[in-house]
Structures are given as structure tokens and as C-alpha cells.
Amino acid sequence: MSRRRQIYEGKAKILYEGPEPGTIIQYFKDDATAFNAEKRGTINGKGVINNRISEHVFTRLAHLGIPTHFIRRLNMREQLVRQVEIIPLEVVVRNVAAGSISKRLGIEEGEMLPHTLIEYYLKDDALGDPLVSEEHIAAFNWAGHEEMQDIAAMAIRINDFMCGMFAAIDIRLVDFKLEFGRIFDGDFSRVILADEISPDNCRLWDFNTGEKLDKDRFRRDLGGEAEAYQEVAKRLGLLQKEDDNSPGEVLDMDAHRSRLRQPVPKPKK
């Protein structure tokens with residue numbers, strides 16, 4: 001596919017004009033950033049792996065009826081997506097204490113949370129993506145009441161499915177970040193899932209050892225970043241089955257929920 005006009009370049013992706021109105025080409029880079037881009041580096045092959053994992057997860061979610069911007073993967077690093085108006089919120093879903101919530105509330109990393117928590121952060125690098133409440137969101141009209149209901153409902157459904165999907169391959173889904181956007185049909189708009197789902201925006205720990213298989217390896221200078229991303233892809237069967245677009249096995253969600261209540265191995269530092 002010939003290169004088209006660049007629309008935007010972010011920390012991990014570049015967006016290009018799509019081949020048809022209302023579409024965008026999303027290119028996955030190997031660049032890695034942390035702490036609002038204060039730390040920068042490269043993880044070789046990350047873009048290829050993230051493109052494939054995100055395609056896999058978004059395809060599976062579509063089978064559950066979750067509306068997403070994903071249309072199809074174009075090649076190793078690019079996918080075709082619907083153009084959306086991004087809602088300026090990062091939606092963080094937490095199952096286990098880790099990262100900023102441990103620092104803010106003094107909860108030991110690895111402690112199971114009483115129930116799944118959803119947090120909202122304003123997408124603003126200059127402000128450090130601050131934590132905001134639903135009252136802030138309503139007061140400043142970042143999203144409407146019905147939109148927030150849809151976002152919360154989708155976030156819980158996505159979490160429920162992904163916990164089971166990863167548990168089936170011996171990975172604990174600790175937390176993850178979602179972004180949503182609006183698509184329009186005349187004066188009517190609806191909210192759909194956008195951005196990506198990959199080890200870049202998920203915390204993934206090996207169920208048995210607590211080994212980190214996500215971008216925390218880069219954040220915390222643990223090394224082995226590329227190997228960790230590859231391990232996730234291998235367990236999902238993506239490196240061996242490049243052309244397999246099947247929705248995958250039917251998960252026994254009750255069994256996986258029971259397993260998720262087991263104690264969390266102390267994560268490796």
C-alpha cells in the first residue's frame with residue numbers, strides 16, 4: 001500500500017490518511033516511552049507484536065458484540081481502523097494493585113483488589129494525565145452521562161473476557177488502559193473502543209511466577225522486553241498461527257473467575 005498523508009504521530013503509533021473516507025491507517029512503532037515520555041527507548045519488534053496482539057484481541061471482542069474501530073490488519077505493522085473522535089480520557093481497569101494505585105494509596109503491589117476498579121485519567125501529557133472523577137468529566141463535558149455508562153459497561157465486559165482469555169494461557173491480567181472514541185451518523189453518535197490492547201497498555205504477570213510480561217520491564221529496567229512481548233504472542237498462538245483469524249476456544253468463565261481469586265505470587269522486582 002502506498003504511503004499516505006500523515007495525520008498524527010504519537011508515542012507508539014503513527015496515523016495516516018486511510019484509503020477511504022472515515023478510515024485511518026494505524027502504524028505501530030518500536031519506540032517505547034514511560035513516565036509521560038521522560039524515559040525513551042526502543043523495543044525491537046514491538047510494533048509487529050503489538051499489531052498482531054491488538055488485532056487478535058479486537059477481533060475476539062467484536063465476536064462478543066463490543067464495537068471497535070478495528071477493520072483489518074494490512075501488514076506486519078499497519079492496520080486499517082475507523083476514524084473516530086477520541087474522548088479525552090484514559091480508562092484504567094484494575095484487578096490487582098500495581099503501579100500508581102499502589103503509590104497513591106500505599107497498597108502493596110500484588111494485592112488483590114476487593115473488586116475490579118475503573119479509574120479515569122485526563123489525556124493531557126502536559127498535566128501528567130491526572131486522575132479525574134466522573135464529576136469532573138460531567139462538569140467539563142469531556143463525555144456525556146450516557147457515554148460514560150456505555151464506557152463503564154464495555155470496560156467491565158472487556159475485563160471479564162480478557163481475564164479469562166489470559167488466564168487460559170497462564171497469564172494474570174493485573175490492569176490495563178482503554179481509550180474510546182465517537183463515530184457519527186448525522187447528528188447521532190455512539191461510543192466505540194479505539195487505540196490498541198497490547199503489552200504496552202496491559203500489566204500481564206505469569207500466573208505461577210509473577211514474572212512481568214509487559215512494558216513494566218522497560219519502565220523498571222528489568223531487561224528482556226522483546227522476549228516478554230514475544231512470550232505473550234506465543235502463548236496466544238499468534239507467532240505460530242499467523243493467518244489464523246478464528247475466534248478461538250470458548251472459555252469456561254466460571255472456572256477462570258475461580259482461578260483469578262487465587263493468591264497472587266509476589267511479583268519479581
Side-chain angles (χ1 to χ4, degrees), residues 50 52-70 87 89-101 107 109-121 134 143 145-181 190-208 210 212-216 232-233 235-238 245-265 267:
N50 283 355
R52 191 66 180 90
I53 291 175
S54 193
E55 174 205 14
H56 179 74
V57 176
F58 273 62
T59 301
R60 299 284 295 273
L61 291 174
H63 281 87
L64 297 180
I66 300 292
T68 82
H69 74 161
F70 179 79
I87 294 172
L89 299 171
E90 294 183 349
V91 181
V92 176
V93 184
R94 299 185 183 276
N95 300 303
V96 179
S100 64
I101 195 170
I107 304 173
E109 184 168 273
E111 182 176 329
M112 290 292 298
L113 297 173
H115 58 80
T116 298
L117 297 178
I118 301 179
E119 297 178 334
Y120 303 103
Y121 296 79
E134 292 190 53
H145 176 69
E146 290 186 2
E147 290 179 325
M148 291 305 297
Q149 288 184 318
D150 289 343
I151 286 171
M154 282 192 278
I156 290 297
R157 288 187 66 200
I158 292 166
N159 181 63
D160 197 27
F161 168 73
M162 286 178 47
C163 281
M165 181 188 72
F166 282 116
I169 55 173
D170 290 326
I171 293 176
R172 186 184 298 275
L173 179 61
V174 173
D175 59 38
F176 61 99
K177 183 200 74 169
L178 299 172
E179 293 189 20
F180 294 87
R190 65 182 178 122
V191 174
I192 67 173
L193 180 65
D195 196 44
E196 68 174 295
I197 295 178
S198 73
D200 262 13
N201 53 19
C202 298
R203 278 193 173 91
L204 305 170
W205 295 353
D206 183 274
F207 238 116
N208 302 307
K212 294 176 173 62
L213 301 172
D214 55 69
K215 199 167 75 170
D216 267 353
V232 175
R235 294 195 194 185
L236 287 169
L238 302 179
N245 292 316
S246 65
E249 73 283 358
V250 176
L251 298 175
D252 182 346
M253 294 305 297
D254 288 336
H256 288 309
R257 288 191 187 99
S258 176
R259 188 181 185 197
L260 292 172
R261 289 192 288 270
Q262 296 176 5
V264 182

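Just so you know, these numbers use all the heavy atoms, side chains as well, and skip hydrogens, waters and symmetry mates.
Atoms CD1 and CD1, from Ile87 and Ile192 in turn, are 10.0 Å apart once rounded to the nearest 0.5 Å. We find the CD1-CD distance between Ile151 and Gln149 to be 11.0 Å, quoted to the nearest 0.5 Å. Met165 CE to Ile158 CD1: the interatomic distance, rounded to the nearest 0.5 Å, is 11.0 Å. If you take OG on Ser198 and CD on Glu55, they are separated by 13.0 Å, rounding to the nearest 0.5 Å. Ile66 CD1 to Leu193 CG: the interatomic distance, rounded to the nearest 0.5 Å, is 8.0 Å. Atom CZ of Phe70 and atom CD1 of Ile197 lie 12.0 Å apart (nearest 0.5 Å).
Of the possible polar contacts, none joining the Asp150 side chain to the Arg190 backbone as a donor-acceptor pair under 3.5 Å is found. Listed for the Arg235 side chain is a donor-acceptor partner under 3.5 Å among the backbone atoms of Asp170. When atom types are taken as modelled, the side chain of Arg172 and the backbone of Val96 share no donor-acceptor pair closer than 3.5 angstrom.
Taking every heavy atom of both residues into account, Cys163 and Asn95 meet most closely at SG-ND2, 3.5 Å. Counting all heavy atoms, side chain and backbone alike, Pro199 lies closest to Ile53 at CD-CD1, 3.7 Å. Considering every non-hydrogen atom in both His63 and Thr59, the closest pair reads ND1-O, 2.8 Å.
Put simply, the side chain of Trp205 does not reach to within 4.5 Å of the side chain of Ile171, judged on heavy atoms. At least one side-chain heavy atom of Phe180 sits under 4.5 Å from a side-chain heavy atom of Met154. When side chains are defined from C-beta on, Val93 does not count as touching Met162, because their heavy atoms never get closer than 4.5 Å. Considering only heavy atoms from C-beta on, Val92 stays 4.5 Å or farther from Ile101 through its side chain. Phe176 is not listed as a side-chain neighbour of Asn201, based on a closest heavy-atom distance of 4.5 Å or more. Within the 4.5 Å cutoff, side-chain heavy atoms of Met148 are placed close to those of Tyr120. You'll find the side chain of Leu204 reaches within 4.5 Å of the side chain of Leu173, heavy atoms only. Side-chain contact between Ile118 and Val91 is present, with heavy atoms from C-beta onward closer than 4.5 Å.
Between Arg203 and Asp175 there is a salt bridge, since a side-chain N of the basic residue sits under 4.0 Å from a carboxylate O of the acidic one.
Applying the ring pair (Phe, Tyr, Trp, His ring centres under 6.0 Å) rule to Phe58 yields the partners His69; only residues at least two apart in sequence or on another chain are considered.
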